[in-house]
Each structure stands twice: as structure tokens, then as C-alpha cells.
Amino acid sequence: MANQPDTSQIAGSVGSDSELSTTEQNAPTSLRRSMPSLRFLRSSRINAKLIIGTSMILIVVLLGYVGPLFVDLERGEVASVLPDQSPNAEHWLGTQVEGRDMLAWLISSIPQTLRVGFLAGALGVMLGAIIGFVAGYYGGFVDTVLRNFTDIMLIIPGLLVLVVLTALVDVLTLEQMAIVIAAFAWMGAARVIRAQVLSLRERQYVEVAKMSGEKGLYIVFFELMPNMMPFILAAFVGAVIASVGTAIALFFLGLGPVSLNTLGSILYWAQSYQAVVIGYWWWWGPPVAILVILFSGLFIASIGLDEWANPRLQERS
Amino acid sequence: MTVDYALRRIALFFIAVLVGVTIVFLLTRLAPGDPIEAKVLALEAQAGNTLGNIDEIINVYRKRFQLDRPLHLQYLTYLSNVARGDLGHSLAYYPDRVSDRIMRAIPYSIGLIGVTTVLSAGLGLLFGALIVWRKSWFLLRALLPVLMVSAAVPFFLFGLVLQFAFAIHWKLLPPSHAIDFGFQIGWNFETLWQFFKHAVLPSAAIIIGGVALWGLGTRALMVNTTGEDYMLLGEAKGLRERRLFFTYAIRNILLPQTTAFSLALAAVVSGQVLVEIVFSYPGLGWHLRDAIGGSDYFVIQGITLIIIIAIAFALMVMDLIYPLIDPRISYKRT
């Protein structure tokens, strides 16, 4: 994980504020079981940050998934084109020293990069949600242990621990890699969700559910979860940022499945062949540009989601 | 009460280190693959299959590194070794000790992170607060999108761009290493200049991201702070702008921002590791890359452990000095 910006901290420490959305206070008072609320879908505010961020992510996704329709990806293989050409009409992004067409190589790398990032992010947020829910809902000793464990995991640099693992095991698949990355990408989600559960579990509708004899797990999944969707979404994007960062870093270090094309491994080869020093800007420049668009898009979208989840974060001035 | 807090905080430090060491131990021992075997086979391939009885050599190595004992005994030995600072020997540079290699790298890494943290914090607080301050220059207030983009992007990507622009294209600064090749280090101005010149680009790569992280956090807090009553009172009293800004606004933001930074410290250190690799800057990150290239597992492990311990230690020290820098904190048990 390269630098993984903890958006909950940046957007104004969501985690520590235990009395957030006061609008949720008007819960149904009748004993009728309340339906899982999908209120989060009906938010009227159109959030500019969310739209801008999502569009930037979409640009990268389109390039990776629609690009192959227009570009012959086989030209991205080693020794398939004339090496050492600067960008020209035939090769829009030039070719590198092993005879790979940069545009084709770049496009074929995007889907793998996205897949490992989003898979690890999804697994990470699931793990974080479970830990956050359990800690927040049961409280007491369980909470103390889980909270301290989360804080400890937060200060352990996951990237380095993963380096130790991936340096030993060089037969990891992309999916296995996503799983181990997720093991270090859940802490942000756990913190945010625990804080939310703490503030939600005393609400009247939870009391109502308890009084009507619902079990703990039912309450967690059908009463609390729907109200937390915006927070879970924001935590998901945060986990994706961390996971993509970690994956890129591992590939850049030459670890993980080396035969796979990812944006990180393009940069690894660029570093190995000293592409910056020999002046092949078309080798390292485009992957850097795509990563900048991707990371910025994810980050801006996550700030947008945070503001959407927690309207108090919106500008006061 | 304060002693109680300090003791609990110190205990937490040891638990954190223990968790980190245990994770690293379990990963290396339970993962499939055998570093010793891989190493010996590689040596044999180098020597052209003339080493003789491979199995015997592997067994000797295993005994030497105590890999032939039961797992729980290995774990206890491992813990006591780490506690004594004995991280074993480098496989690639045998008989070099891992701790020697780490000690050689540490001054560079500490120097880099020290300088970049101070500069990122200072500039980040200033920019972040000025973006919200309504009397700021309008262009400064338009910096927000720039901060957002730079906060999201991993440091080493800036590193690649800076290296190309300033070292290769304009040839203003050296592209890599901590000193020029063959330069004689001495106590003189030239040496200082060498170190400074080579550290500028790696530092800049980290500072761009660091300023953005500090800046965005500060901005979020500043939005709230400017609405506080004490700010209004200060203004009504006719305090000078500068006093209002630094003593009233910034001072109150400093502490929560320090807390936010301590949460991000692990990520910042990981980012620096990659920047050192881009610039071949001979700190821990560059040694890590070297060890990965040479399958030098004990060095990889040692560097990871040292960084885990260093981060946990830094955070403990920060927590312990909070009450000294902020009088509002009193450590009552909640």
C-alpha cells in the first residue's frame, strides 16, 4: 500500500463522532416491523464530487474493457513489434526495448489491476463490516479486544508484511493475492462501521425489533445494515484505494504473479530497464497518468460518498 | 492517573510489536516454499552442479537457521532473538548480519522521513488552513483540487515524474543514489552539498503527497474552526489577522491533525520505501528491493520487523508526549 489516504480522517474524522445523522431519529414507533430502508438511494443532493470521481474511474474502466475492441492486444507481447520506437502513427504510445507495443500492453494491464483492487476492496470491506458490527453491537469485552486489534493492525504496514509473504510464495494467483491484500485493508471500514453501529443501536427502531423478539443477527442485517449502506460504500471505496495501492506496490517490487500484465508490472519493467534514465517517457508516463486518474477518481468519489453519508461534512461556508 | 496511562500505553506498544512479529513469523513459517532449499539450489546452479551432496548441505543450513525444530520452539527462539536484536544472517551476503545491513540503511531512511514529515506538516497545515481562510489570495483558494489529486496518488509515481523532469530532462539534480559514485565523504561543505543535492528529489516526491494529506485534513477541521465562537470573539476584540490565524485557528487544529498523521504513519512509511527504490536511495526501502531481488529472506523479514517496531515506538512516544503539548488532555480513565 503505497500511501493509503484514510478518507474518514481527511473528510473530518467520521469514526470518532458518535452522534452523526440525527435525521434518522424519527424511526417508526409502531410495533409494525419496519422494512429495510433504502432511503440512501433517494438522496436528493447531487454530489458533484461523486460524479466527477465516478467519471474518472469510468474513463479508466472503459479504456481497459472497451479498448481491446480497437487495439490488437497481441502486440503487447514480447517481441511482437519493432522495439525502441518513440510514439508514431503506427504505435501511438511507442514501443519499448523488448518489442512490446505500449498501447496494447497498457490496455491489457488495466483489467487485471482493477480486478485485484476491487476484489480485495470488496473482501476487505466485508471483513471490516463484520468486525465493526460485532464490536459495535456486542460491546463490552468483545469490543475492547476487536477495537485494540483494529488499532494495532492499523499501525502495521501491510505492504511490508505482504512483501514478506509474496517473496516466499511466487505461485500466487490474482485471486489469492486479492485475499491476502484484503487481510490488511479492512481496518478503516471496521472503525467507521463500529462507530456507526454504536450510534444506531440505541435507536428506537432497534428497540422495537428487540421487543418484538428478533434475534441479534436479524437486527444487524435487516435493521442496521440498510441504514449503513452509505458508510459501507464509502468504506468500500477507501478499501479499494488501499488495495489498488498495495497491489501496484507489490507488482512494482517485482512480486506476485510476474507473468500477469498489470500497471504495476509495467512500472517494474520500466524500473528494471531504467526507462526513466534512458528517456523512454512513453514507457512509464502513460501508466503513471492512468494511475493518477484512477487514484484521484477513487479518492474524490470517496470524499463525495463521505459527504453524502454524513451531510454535516458538507461545507459550512 | 498519568502513570497508569503511560503504563497502559507502553503495554500496548509491546502487544503491537508482538502481534506484528507473530504475523511475520507465521507467514514465513507456514507459507509453502523453503527459503533455504531455494537458496542452496540457486547456489548450486551458479556453481554448475558441483556442490556434491545437496541434501546434506540443506540440512546443515536448516540446523544453522534452526528450521528443523518444532514450530512452537522456533517461535520462542524467534521471539527471544528479535528481543535481543538478533535478526539472523543475510543469505545473500553471508556472513553479514541482518542487523548490520539495517544499521547501514537506517540513517538515510530516518533522515528522509524526519525532514519530509516536518516539512509536510508545516506546509500542509499552512496550505490547508489558508484554503479556508477567507482573506486568502484567490488562487490559493483554488488549490483544493490539486491537493485532492496529490493526496490520492502513491508517492513513488510523483517520484518517477520528478526524476524524469529534474534529473533527466533538465539535468538540474542527480537522478539517484545518496552521493556521487566515488565521492570521498568528509567533514566538509562539499559532502553536505552532495547529501542535500541527492535528497532533494526523493524528499520532494514524499512532500507533495504529504502536504496534500495534511492539507486536506487541516482544511476539513478549519471549516469547522472558523465557525467557532472563540474565533468570532477574537475577531470582535479586533485581534490582528495573524494572531487569529496562528494562535486561534492553527493551534487548535494541530493536535487532531497529529492524531490523523499517526494513523497514516504506516502508509507514509510504505510510500517512502517505494520512493527510495525509484531513486536508488540507500535506505531501508532500497535494501528491501535488493533483498527481494536476491531472495534474501532474513533481510526482508528483518527490515519489515524493524519498520513495524519503529512505527509502534514512534506512535507510543507521540502518545506519551501529547499531554505535554496539549494542556486540554488529561488522562482520566473513561
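Note that the structure is a prediction, hence the values are computed from the model and not measured.
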Using a 4.5 Å cut-off on heavy atoms from C-beta on, say whether the side chain of [Y] contacts that of [X].
X: P175(B); Y: V276(A); answer: no
X: L255(A); Y: I292(B); answer: yes
X: V153(B); Y: L291(A); answer: no
X: M153(A); Y: I23(B); answer: yes
X: P157(A); Y: V269(B); answer: no

[X] versus chain B, heavy atoms under 4.5 Å apart: side chain, backbone, both or neither?
X: M56(A); answer: neither
X: L298(A); answer: neither
X: Y280(A); answer: neither
X: L267(A); answer: side chain

Per-residue contact mode, L160(B) against chain A (heavy atom under 4.5 angstrom):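 When you check distances to chain A, atoms from both the backbone and side chain of L160(B) fall under 4.5 Å.
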Under 4.5 Å from any heavy atom of chain A - which part of V275(B):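 Interface part for V275(B): neither.
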I277(B) backbone acceptor or donor facing Q271(A) side chain under 3.5 Å: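 Indeed, once roles are kept as given, a pair shorter than 3.5 Å links the two residues.
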F127(B) atom CZ, over 12 foreign heavy atoms within 6.0 Å: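 Not buried by this count: 12 neighbours or fewer within 6.0 Å.
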Atom CH2 of W282(A): over 12 foreign heavy atoms under 6.0 Å: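 Atom CH2 in W282(A) is crowded, with more than 12 foreign heavy atoms closer than 6.0 Å.
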To the closest 0.5 Å, what do you measure between [atom1] ([X]) and [atom2] ([Y])?
X: S270(B); Y: F184(A); atom1: OG; atom2: CZ; value: 11.0 Å
X: I303(A); Y: M148(B); atom1: CD1; atom2: CE; value: 4.0 Å
X: R289(B); Y: Y268(A); atom1: CZ; atom2: OH; value: 5.0 Å
X: I300(B); Y: L160(A); atom1: CD1; atom2: CG; value: 10.5 Å
X: T304(B); Y: L162(A); atom1: OG1; atom2: CG; value: 10.0 Å
X: L157(B); Y: L263(A); atom1: CG; atom2: CG; value: 10.0 Å

For residues [X] and [Y], report the shortest heavy-atom separation together with the two atoms involved.
X: I168(B); Y: V277(A); value: CD1-CA, 3.6 Å
X: F164(B); Y: G279(A); value: CE1-CA, 4.4 Å
X: A266(B); Y: L154(A); value: CB-O, 3.8 Å

side-chain contact (heavy atoms from CB on, under 4.5 Å) between L216(B) and F299(A), intermediate numbers included: CA-CA 12 Å; L216(B) 282 183; F299(A) 187 66; 3.4 Å; yes
Verdict with supporting geometry, V161(A) and I308(B), side-chain contact (heavy atoms from CB on, under 4.5 Å): CA-CA 9 Å; V161(A) 178; I308(B) 290 175; 4.2 Å; yes
Winner by heavy-atom pair count (cut-off under 4.5 Å) against chain A, out of V278(B), L288(B), L315(B):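 Ranked by heavy-atom pairs under 4.5 Å with chain A, first place is V278(B).
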side-chain contact (heavy atoms from CB on, under 4.5 Å) assessment of F156(B) paired with I248(A): CA-CA 11 Å; F156(B) 77 100; I248(A) 296 288; 3.7 Å; yes
Residue of the set I15(B), V19(B), L12(B) for which side chain to side chain contact (heavy atoms under 4.5 Å, CB included) holds with N148(A):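 Going through I15(B), V19(B), L12(B) one by one, the side chain to side chain contact (heavy atoms under 4.5 Å, CB included) with N148(A) is satisfied by L12(B) alone.
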Results of salt bridge (Lys or Arg N to Asp or Glu O under 4.0 Å) for D151(A) - residues two or more places apart only: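 Listed in chain order: R191(A).
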